[in-house]
Novice: 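Structure below; questions to follow.
In listed order, ligands and their atoms are each counted from 1. The first residue in the sequence is number 1, and the count goes up from there.
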Amino acid sequence: MEEKNIVWHDTNITKNDRNSLLNQKPCVLWFTGLSGSGKSTIANAVERKLFNKSRKTYLLDGDNVRHGLNKDLGFLESDRIENIRRIGEVSKLFVDAGLIVLTAFISPFKSDRQIAKSLVGYDEFIEIFIDTPLEICEERDSKGFYKKARSGAIKNFTGIDSPYEKPENPQIHIKTAKNTVEECVDIIINHLIKFGYIEENNDYSI
Ligand SMILES: Nc1ncnc2c1ncn2[C@@H]1O[C@H](COP(=O)(O)OS(=O)(=O)O)[C@@H](OP(=O)(O)O)[C@H]1O
Ligand SMILES: Nc1ncnc2c1ncn2[C@@H]1O[C@H](COP(=O)(O)OP(=O)(O)O)[C@@H](O)[C@H]1O
């Protein structure tokens, strides 16, 4: 491998400076789950609640990021690994910038989620498992992809002919079959309050 002559350069303004200015504790809300499980729906609703209370947020969504930064990547295992590696790095930068970052990617492999967690930092990484059984995702099939995957028109589709490794110890475990979107959002907001990421005296019920 070619020798890399690069040296880390400390910045004048630090992460703590930015946190003080923004008056918040940054973190990543890392949503993981099957296609159609509810990642985007819940992440958007959580972001809306935080935004309405003047929290500075940024939502990275699989479909959207694959239109730009990651448009060179497909769905082979190696592409998914690179997809999640880049998202981990981008999340780290956004947390450094002081934001509450929400990521909504299938992120099917445990080892890649673990790498993202160690990149961002353990106390700033909140893994949220959107646990929706395959049968329900398939029934929803809002994009018609499951039907195509079953017919063989789409190859390597997660849950059909590409694996999804469930998180073993997610910080938040949400079952959308048992909770409405609103209830799922409350579970997440309550966790953020309980662990001091956002303050309690702000009414997030609105
Ligand atoms: N083969 C295959 N497998 C899974 N998903 C597929 C595939 N092809 C296209 N799509 C669409 O791409 C979205 C998933 O992209 P991600 O970046 O989240 O995937 S991954 O984390 O790299 O596995 C996913 O979006 P969501 O439904 O929002 O999860 C699908 O709409
Ligand atoms: N409790 C729930 N939580 C999240 N989504 C739900 C729930 N119940 C039904 N849905 C529906 O399931 C679909 C989930 O799609 P989406 O959010 O795009 O999933 P993903 O981003 O994981 O692919 C949406 O049409 C949403 O309205």
Novice: Of the protein's non-hydrogen atoms, which lies at the shortest distance from atom 1 (N) of ligand 2, and what is that distance?
Specialist: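 Of the protein heavy atoms, Asn179 O, 2.7 Å lies nearest.
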Novice: Could you check, using the six-membered ring where one of them is a Trp, whether Phe31 and Phe105 have ring centers closer than 6.0 angstrom?
Specialist: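 When the ring centroids of Phe31 and Phe105 are compared, they turn out to be at least 6.0 Å apart.
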Novice: With a heavy-atom distance limit of 4.0 Å, tell me whether Ile106 approaches ligand 2 through its side chain, its backbone, both, or neither.
Specialist: neither
Novice: Think Arg113 forms a cation-pi with Phe129, using NZ or CZ under 6.0 Å from the six-ring centre and within 45 degrees of its axis?
Specialist: no
Novice: Does a donor on one side chain sit under 3.5 Å from an acceptor on the other, for Ser20 and Asp17?
Specialist: no
Novice: Do NZ/NE/NH1/NH2 and the carboxylate oxygens of Arg66 and Asp79 come within less than 4.0 Å?
Specialist: no
Novice: Indicate whether atom 25 (O) of ligand 2 is within a distance of less than 4.0 angstrom of some protein heavy atom.
Specialist: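 Within 4.0 Å: no protein heavy atom nearby.
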Novice: List ligand 1 atoms under 4.0 Å from Gly36, heavy atoms only on the residue side.
Specialist: 27 (O)
Novice: Number the atoms of ligand 1 from 1 as they appear, then name those within less than 4.0 Å of a heavy atom of Ile84, with their elements.
Specialist: 21 (O)
Novice: Is ligand 1 less than 4.0 angstrom away from at least one heavy atom of Ser162?
Specialist: no
Novice: Looking only at heavy atoms of Leu34, does any of them come nearer than 4.0 Å to an atom of ligand 2?
Specialist: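 Per 4.0 Å heavy-atom rule, Leu34 contacts ligand 2.
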Novice: Does Asp131 come within less than 4.0 Å of Lys178, counting only side-chain N to carboxylate O?
Specialist: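 Between Lys178 and Asp131 there is no salt bridge, as every charged N stays at least 4.0 Å from the carboxylate O atoms.
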Novice: Is it the side chain (CB and beyond), the backbone, both or neither of Arg140 that lies under 4.0 Å from ligand 2, heavy atoms counted?
Specialist: side chain
Novice: When you measure from atom 23 (O) of ligand 2 to every protein heavy atom, which one gives the shortest distance, and what is it?
Specialist: Gly36 N, 2.7 Å
Novice: Counting each atom of ligand 1 from 1 as listed, which ones have a heavy atom of Asp63 under 4.0 Å away?
Specialist: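 Numbered from 1, ligand 1 contributes 12 (O), 13 (C), 24 (C), 25 (O), 28 (O), 31 (O).
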Novice: Which atoms of ligand 1 sit under 4.0 Å from any heavy atom of Asn156?
Specialist: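 Near Asn156, the atoms of ligand 1 are 1 (N), 2 (C), 3 (N).
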Novice: Give a yes or no answer on whether the side chain of Arg86 reaches the backbone of Ile81 with a donor-acceptor pair at less than 3.5 Å.
Specialist: no
Novice: Report, in ascending order of atom number, the atoms of ligand 1 lying under 4.0 Å from any heavy atom of Lys39.
Specialist: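 Atoms satisfying the 4.0 Å criterion: 29 (O).
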Novice: Which of the numbered atoms in ligand 1 are below 4.0 angstrom from a heavy atom of Phe145?
Specialist: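 Numbered from 1, ligand 1 contributes 11 (C), 30 (C), 31 (O).
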Novice: Identify the closest protein heavy atom to atom 17 (O) of ligand 2: which residue and atom is it, and at what distance?
Specialist: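 Its nearest protein heavy-atom neighbour is Thr41 OG1, 2.4 Å.
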Novice: Side chain, backbone, both or neither: which applies to Ile42 and ligand 2 if a contact is any heavy-atom pair less than 4.0 Å apart?
Specialist: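 Side chain only.
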Novice: Is any side-chain N of the basic residue among Asp96 and Arg18 closer than 4.0 Å to the acidic one's carboxylate O?
Specialist: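 A salt bridge links Asp96 with Arg18.
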Novice: Under the 3.5 angstrom rule, does the side chain of Thr132 hit a backbone N or O of Ser37 as a donor-acceptor pair?
Specialist: yes
Novice: Is there a donor-acceptor contact under 3.5 Å linking the side chains of Arg80 and Thr158?
Specialist: yes
Novice: So if I count the atoms of ligand 1 from 1 in the order they appear, which ones are less than 4.0 Å from some heavy atom of Lys155?
Specialist: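 Per the distance check, 1 (N).
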Novice: Specify the protein heavy atom at minimum distance from atom 5 (N) of ligand 2: its residue, its atom name, and the distance to 0.1 Å.
Specialist: Gly38 CA, 3.8 Å
Novice: When you check the side-chain N and O atoms of Arg48 and Thr57, is any donor under 3.5 Å from an acceptor?
Specialist: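 On atom types as modelled, these side chains do not qualify, holding no pair under 3.5 Å.
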Novice: For atom 6 (C) of ligand 1, which of the options Tyr146, Phe105, Phe75, Phe31 provides the nearest non-hydrogen atom?
Specialist: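 It is Phe75 that holds the nearest heavy atom.
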Novice: For ligand 2, which part of Asp61 has a heavy atom less than 4.0 Å away: the side chain, the backbone, both, or neither?
Specialist: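 Answer for Asp61: neither.
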Novice: Going by distance alone, is a donor N or O of one side chain under 3.5 Å from an acceptor N or O of the other, for Ser91 and Thr103?
Specialist: no
Novice: Can you name the atoms of ligand 1, numbered from 1 with element, that are less than 4.0 Å from a heavy atom of Thr158?
Specialist: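 Per the distance check, 3 (N), 4 (C).
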